[in-house]
Amino acid sequence: MILPIIFATVAASVSAHLDMISPCPRYNPRGEDCPPLPSGESLDYSMSSPLGADQPLCKHTTPWPKPAASWTAGQSVTIKLAPGGAAHGGGHCQFSLSYDGGKTFVVVHEVLEQCFGASQSQRDFTFQLPGNLPSSDKAVFAWTWVNAIGNREFYMNCADVSVKGSGSSYSGKEMTIANHKGYPTIPEFGGNYKTGIDLYKNAKQITVS
């Protein structure tokens with residue numbers, strides 16, 4: 001029957017959110033240039049879903065066996081999200097690095113308020129990494145997003161990367177976590193894109209090394 005097929009297709013497209021595909025997040029089946037899966041792990045076909053209430057940061061805590069990308073401090077990098085998906089009115093996005101296996105993250109770039117542009121169609125983000133980042137073969141890069149419209153959710157995809165730098169440490173804002181168990185709730189924006197902005201602006205300064 002045609003109608004059930006149409007309804008199923010529409011439902012699938014509505015439920016699809018957004019996920020990062022480059023650098024390849026842990027276990028993303030549609031990521032670009034992904035390393036081989038760690039032993040005992042499986043591909044995750046729900047990468048575009050928000051973090052569950054009891055899921056840890058990054059969702060998957062076992063890293064790729066080798067970095068998904070190799071970066072140099074000061075270079076321009078492009079982060080890619082999968083095309084299409086539901087942008088939920090945009091919202092606040094951050095791009096962060098961890099040097100302690102994903103326990104703490106320092107922000108290296110952010111796009112607040114209208115993360116995906118006025119048309120909600122932006123899926124690639126190019127920015128320059130700080131020039132004084134320290135080196136690590138086991139850094140964790142995170143894209144995070146708090147949506148403007150819909151259920152109060154926190155989206156987070158993590159990729160293992162290597163960073164070549166000359167700094168001994170790097171100081172910046174701590175990554176903001178909201179709409180996740182144990183953290184503050186940012187309500188629906190209701191057209192006010194300054195909603196929750198104070199949590200981002202007043203984030204504490206941390207140092208990673």
Side-chain angles (χ1 to χ4, degrees), residues 18-20 23 25-26 50-61 63 69 71-77 79 81 88-116 125-148 151-190 192-209:
L18 292 171
D19 58 319
M20 182 171 69
R26 292 171 181 171
L51 280 185
D54 295 314
Q55 289 179 327
L57 296 182
C58 290
K59 187 178 182 180
H60 300 290
T61 56
W71 293 341
T72 300
Q75 81 169 89
S76 290
V77 297
I79 310 306
L81 305 184
H88 294 293
H92 308 316
C93 288
Q94 289 186 319
F95 306 83
S96 310
L97 280 169
S98 173
Y99 283 79
D100 60 3
K103 297 175 183 176
T104 56
F105 287 85
V106 64
V107 177
V108 294
H109 184 66
E110 62 184 6
V111 183
L112 304 180
E113 301 182 31
Q114 288 279 8
C115 182
F116 311 116
F125 301 85
T126 299
F127 57 89
Q128 187 172 5
L129 294 172
N132 56 337
L133 289 174
S135 290
S136 175
D137 291 329
K138 297 181 179 180
V140 183
F141 174 78
W143 164 69
T144 53
W145 168 40
V146 169
N147 52 308
N151 294 334
R152 306 324 301 142
E153 297 167 332
F154 184 68
Y155 296 80
M156 183 177 194
N157 290 169
C158 293
D160 299 287
V161 301
S162 67
V163 179
K164 183 179 180 180
S166 58
S168 59
S169 63
Y170 176 74
S171 296
K173 290 198 306 183
E174 185 174 35
M175 182 185 78
T176 297
I177 304 171
N179 301 342
H180 188 53
K181 187 175 181 179
Y183 294 93
T185 296
I186 295 177
E188 278 197 271
F189 289 14
N192 177 12
Y193 279 81
K194 299 294 183 183
T195 301
I197 208 76
D198 286 348
L199 283 177
Y200 291 82
K201 297 296 187 183
N202 298 326
K204 70 178 182 180
Q205 294 285 309
I206 62 171
T207 299
V208 297
S209 58

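Values in this document were obtained by computation on a predicted structure and should not be read as measured data.
In this structure the side chain of Val108 never reaches within 4.5 angstrom of the side chain of Ser96, judged on heavy atoms. Within the 4.5 Å cutoff, the side chain of Glu153 has no heavy atoms near those of the Asn179 side chain.
Between the side chain of Ser98 and the main chain of Thr104, a donor-acceptor pair closer than 3.5 Å is present. Put simply, the side chain of Gln94 gets close to the backbone of Thr176: a donor and an acceptor are under 3.5 Å apart. In this structure a side-chain-to-backbone donor-acceptor pair under 3.5 Å is present from Gln128 to Gly74. Listed for the Ser136 side chain is a donor-acceptor partner under 3.5 Å among the backbone atoms of Lys138. A distance-only check finds a donor-acceptor pair linking the side chain of Tyr99 to the backbone of Pro134 [under 3.5 Å]. The main-chain N or O of Asn202 is never found under 3.5 Å from a side-chain atom of Asp198 such that the two would form a donor-acceptor pair. No donor-acceptor distance shorter than 3.5 angstrom exists from the side chain of His109 to the backbone of Cys93, with no hydrogens or angles considered.
The ring pair (Phe, Tyr, Trp, His ring centres under 6.0 Å) test applied to Phe154 returns no partner, not counting sequence neighbours.
Between His180 and Tyr183, the ring planes are parallel. Angles under 30° get that label, and only those over 60° would be called perpendicular. Using bins of under 30°, 30° to 60° and over 60° for the plane-to-plane angle, the ring pair Phe116/Trp145 lands in the perpendicular bin.
Between Trp143 and Phe125, the gap from one ring centroid to the other reaches at least 6.0 Å.
Rounding to the nearest 0.5 Å gives a distance of 11.0 Å between CG of Leu199 and CG of Leu112.
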Please report the C-alpha distance between Phe141 and Met20 in whole Å, then the side-chain angles of each, then the deciding distance to 0.1 Å, and finally whether the side chain to side chain contact (heavy atoms under 4.5 Å, CB included) criterion is met. CA-CA 11 Å; Phe141 174 78; Met20 182 171 69; 3.7 Å; yes

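For the pair Lys194 and Glu113, the salt-bridge criterion is met [side-chain N within less than 4.0 Å of a carboxylate O].
Closest approach of Leu51 and Pro56 over heavy atoms only: CD2-O, 3.7 Å. The minimum heavy-atom distance linking Lys173 with Tyr200 is given by the pair NZ-O, 3.0 Å.
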